[in-house]
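Numbered from 1 within each chain, the chains take letters A, B, ... in sequence-line order.
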Amino acid sequence: MPLELFNTLSAKVEEFHPLEDNLVRMYACGPTVYDYGHIGNFRTFIVVDTLRRFLKQSGYQVKHVMNVTDVDDKIIRNAARDGVTVQEYTKKYRQAFLEDADALNIEHPEMLVNATDHIQEMAHLIAGLVGKGYAYRTDDGSYYFRIAKFPEYGKLSKKDFAGMSDGARVDVDEYDKDNARDFALWKAPKPGEARWETEIGPGRPGWHIECSTMSMKYLGESFDIHCGGEDLIFPHHENEIAQSEAMTGKRFVHVWVHSRFLLVEGEKMSKSLGNFYTVRDLILKGHKPSSIRFLLMSVPYRKQLNFTFDGLTQAANSVERLRNFKLRLESEPFPEGTSEAIAGTAKKTSDEMRSGLDDDLNTARALGAVFDMVRDVNAAADAGDVRKGDVLALLQVLQQFEEIFAVLKDDDAAKVRATVEWAKSEGLEDKISAETAELGKAASLADADVERLVAEHSQARKMRDFARSDAIRAELAENGIILENTKDGVRWKRK
RNA sequence: GGCGCGGUACCCAAGUGGUAAGGGAGAGGUCUGCAAAACCUUUAUGCGUGGGUUCGAUUCCCACCCGCGCCUCCA
């Protein structure tokens, strides 16, 4: 069964097929690097990550380009406030974005491109639009796109601009536009602001032109998928279509994928409501990166996700159940042989996971399949019905799961520790919760040291010196290591 | 006002014209030196409310209530 995706342009779920052989060319709107990214941003980035991971798992070669918007009004304002250049200002937040993406196991796109590295190409595209009559210059040196010349304007957002929509507010601009709806391609320089000298004169680019320029430069005039948050449908993506298709006369993007906004504790996230969280905020409050990723992934991308602290705890427990299951498969000495029933379970789970994701990335369905397997196999193992020969197939199914969800590998402690170090370097010690400090500890003991203490613990238990063995377990617990005794021996994991 | 999405158990959540996956949490039990893990049982005659279509609707239609989004360069 092929992958099906909801295409905002057609407003339908469609079968996905790449334009060119086996190669998927996709573009995703990346961060505007004026501050640390919040969990809403990262829901969208995780959706993109899920898509690219699943495309690769499905056998496609993926070329994924993501832009970094490193010049806009906010950046210019903040840089001026801090008395630094735009480049200096954005460097820190661009780096922070990558760190947060790493913390959440978001894969890097094949290309991560900066707007400011493509200014001349943007100017060139604008010049081309002027040449074709789609753009015009105003007296102050700004350039605008003439939407009256592009009849299809509104096809993505399903808006009718034939007659000016009545209810919509129309912004009063200080510039001299032909039509209030025309949008800025290029902004004339203002004193003290970042500016570039180009073939169309001095100034800086409007927001939308960067994505048209960079996506077509690296992916071609027509490519497969363009992703972003739902808020970008209008005006950003609508404007990209107008700019690009006006220039090339070709269909710009084939499938538009938009992720729904999330709510925090039932309300829209906003600084004024005090429910605005960055990834770093949550880690410093004692939540693991894997919990955050799991929660953000557990709700299909077209459904509103209510992000709550209760949900974060639930996610942590769910991840723990999966990790425990994997640990059991890896450490328990199962009897020789194979079981047809278990092989069937593995196959069924693998198929259902795939068809769930094929179904417009229904991550909830995929999760259901995996948890079904966990319960069935645990029960079979308790009954002695899982054999050594079944383990590989089961681990492969978990691997298939991990390739998409990326929450089984337990490196939370190290990541938490890195965030703690960052907080200290920023003078944010008071933001570090007790839980976070506790989690960070789990990364402090090396495996070899843990193994030595675990061996001592086992030896003490054999001698039935429970006082000694419990003392060692308590000591390890102090350092964030959890010991579990099973009938087949001891195993351990980091908190 | 225009356009669009959603309301499923304590919480998260899948789903279908034929009688409600899965996870978390709670309760009871099994196992166990203890702890943990794991398993079993249990928690919606019910899927926002009221009508309608149908042999039969949570699933289709209508109305209403509630939440949310876009229409202002917020993912």
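Rounded to an integer number of Å, the gap from Leu263(A) CG to G7(B) C1' is 13 Å. C12(B) atom C1' lies 16 Å from atom CZ of Arg321(A), rounded to whole Å. Asp488(A) has its CG atom 15 Å from the C1' atom of A36(B), to the nearest Å. Counting to the nearest Å, the C1' atom of C70(B) and the CG atom of Asn239(A) are 14 Å from each other. Atom CZ in Phe405(A) sits about 12 Å away from atom C1' in G23(B), given to the nearest Å. In this structure, the CG atom of Asp382(A) is 8 Å from the P atom of C40(B), given to the nearest Å.
Along RNA chain B, the nucleotide closest to Thr486(A) and the one closest to Phe294(A) are compared, and the more 5′ of them pairs with Phe294(A).
By the neighbour-count criterion of 12 heavy atoms within 6.0 Å, atom NZ of Lys285(A) is sparsely surrounded, having that number or fewer from other residues, nucleotides or ligands.
Distance noted for atom C1' between G18(B) and U59(B): 11 Å (whole Å). Between G67(B) and A35(B), the two C1' atoms lie 44 Å apart (nearest whole Å). The P atoms of C60(B) and G6(B) are separated by 10 Å, rounded to the nearest whole Å. Going from the C1' atom of C74(B) to that of A37(B) covers 44 Å, rounded to whole Å. For the P atoms, the distance linking A13(B) with A75(B) amounts to 23 Å, nearest Å. Using atom C1' as the reference point in both C61(B) and U53(B), the two lie 7 Å apart (nearest Å). For the P atoms, the distance from G48(B) to U58(B) is 10 Å, rounded to whole Å. Going from the P atom of C12(B) to that of C68(B) covers 15 Å, rounded to whole Å.
Across residues 303-319 of chain A, Lys303(A), Gln304(A), Asp310(A), Gln314(A), Asn317(A), Ser318(A) each have a non-hydrogen atom less than 4.0 Å from an atom of RNA chain B (numbered order).
No side-chain donor-acceptor contact under 3.5 Å links Ser212(A) to the backbone of Ile209(A). With hydrogens and angles ignored, the 3.5 Å screen pairs no side-chain donor or acceptor of Arg494(A) with any backbone N or O of Lys441(A). Arg137(A) places no side-chain N or O within donor-acceptor distance of the main-chain N or O of Tyr143(A), the cut-off being under 3.5 Å.
Among the heavy atoms of the strands lying under 4.0 Å from Asp231(A) is at least one base atom, whether or not backbone atoms are also near. Heavy atoms of Pro300(A) sit under 4.0 angstrom from primed sugar atoms or phosphate atoms, though from no base atom. At the heavy-atom level, Leu232(A) lies under 4.0 Å from the strands shown only through sugar-phosphate atoms. The residue Lys268(A) sits close to a base: some heavy atom pair falls under 4.0 Å. Arg375(A) comes within contact range of the sugar-phosphate backbone alone, with a heavy-atom separation under 4.0 Å but no base atom that close. Within the 4.0 angstrom heavy-atom criterion, only backbone atoms of the sugar-phosphate kind lie near Asn362(A); the bases stay farther away. Residue contacts shown for Val370(A) are absent, as no nucleic acid heavy atom lies under 4.0 Å away. Within 4.0 Å (heavy atoms only), Phe466(A) reaches at least one base atom of the nucleic acid. As judged by a 4.0 angstrom heavy-atom cut-off over every strand, Asn485(A) is placed among the base-contacting residues. Note on His38(A): a base of the nucleic acid sits closer than 4.0 angstrom, heavy atoms only. Looking at heavy-atom distances under 4.0 Å, Lys74(A) makes contact with sugar-phosphate atoms alone, never a base. Within 4.0 Å (heavy atoms only), Phe261(A) reaches at least one base atom of the nucleic acid. Residue contacts for Leu483(A): at a heavy-atom cut-off of 4.0 Å it reaches a base atom on one of the strands shown. Across all strands shown, Leu327(A) has no heavy atoms under 4.0 Å from either base or sugar-phosphate atoms.
In this structure, U32(B) forms no base pair with any nucleotide, since neither Watson-Crick nor G-U wobble geometry is met with both distances under 3.5 Å. Look at U16(B): it lacks any Watson-Crick or wobble partner with both distances under 3.5 angstrom. With both pairing distances under 3.5 Å, A9(B) is matched to nothing as a Watson-Crick or G-U wobble pair. In this structure, C60(B) and G52(B) make a Watson-Crick or G-U wobble pair, each of the two defining distances being under 3.5 angstrom. Base pairing of U45(B) is not made with any nucleotide, judged by Watson-Crick or G-U wobble geometry with both donor-acceptor distances under 3.5 Å. In this entry G1(B) has C71(B) as its Watson-Crick or G-U wobble partner, both defining distances falling under 3.5 Å.
Below 30°, between 30° and 60°, or above 60°: for Phe309(A) and Tyr277(A) the angle between ring planes is above 60°, a perpendicular geometry.
Remark: Arg321(A) is not positioned above the aromatic ring of Phe371(A), lacking an NZ or CZ atom under 6.0 angstrom from the ring centre and at most 45 degrees off the axis. Both tests do not hold together for Lys388(A) against Phe334(A): distance to the six-membered ring centre under 6.0 Å, angle to the ring axis within 45°. Under a cutoff of 6.0 Å and an axis angle of 45°, Lys159(A) and Phe234(A) form a cation-pi pair.
Between Phe45(A) and Pro31(A), some side-chain heavy-atom pair lies under the 4.5 Å cut-off.
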Please determine whether side-chain hydrogen bond (donor to acceptor under 3.5 Å, both in side chains) holds for the pair Asn485(A) and Arg491(A), giving the CA-CA distance in whole Å, both sets of side-chain angles, and the decisive distance to 0.1 Å.
CA-CA 6 Å; Asn485(A) 294 303; Arg491(A) 66 185 185 209; over 6 Å; no

Between the protein and nucleotides 26-32 of chain B, are there any N/O to N/O pairs under 3.5 Å, and if so, what are the atom names and distances?
none

Using a cut-off of under 3.5 Å, enumerate the N/O to N/O pairs linking the protein to nucleotides 2-5 of chain B.
| from | atom 1 | to | atom 2 | distance (Å) |
| --- | --- | --- | --- | --- |
| C5(B) | O2' | Arg260(A) | NH1 | 3.1 |

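Aromatic pair His237(A)/His208(A): ring centres not closer than 6.0 Å.
When the side-chain nitrogen and oxygen atoms of Asn378(A) are compared with OP1 and OP2 of C39(B), one or more of them lie within a distance under 4.0 Å. For C34(B), the OP1/OP2 oxygens have no side-chain nitrogen or oxygen of Arg464(A) closer than 4.0 Å.
Side-chain polar atoms of Asp70(A) and Thr116(A) form a donor-acceptor pair below 3.5 angstrom. In this model, a donor atom of one side chain and an acceptor atom of the other lie less than 3.5 Å apart for Ser290(A) and Asp412(A). Asn78(A) and Tyr89(A) share a side-chain donor-acceptor pair at under 3.5 Å. Side-chain contact, Asn179(A) with Arg146(A): no donor N or O sits under 3.5 Å from an acceptor N or O.
Closest contact between the side chain of Val299(A) and the listed nucleotides G33(B), C12(B), C39(B) involves C12(B). Listed nucleotides: C70(B), A75(B), A37(B). Nearest to the side chain of Glu484(A): A37(B). Closest to the Arg473(A) side chain, of the nucleotides C70(B), A35(B), G33(B), is A35(B).
Between the base of A14(B) and the side chain of Arg365(A) there is no donor-acceptor pair shorter than 3.5 Å.
For the side-chain contact (heavy atoms from CB on, under 4.5 Å) with Leu185(A), the qualifying choice from Trp207(A), Tyr134(A), Phe145(A) is Phe145(A), the only one to do so.
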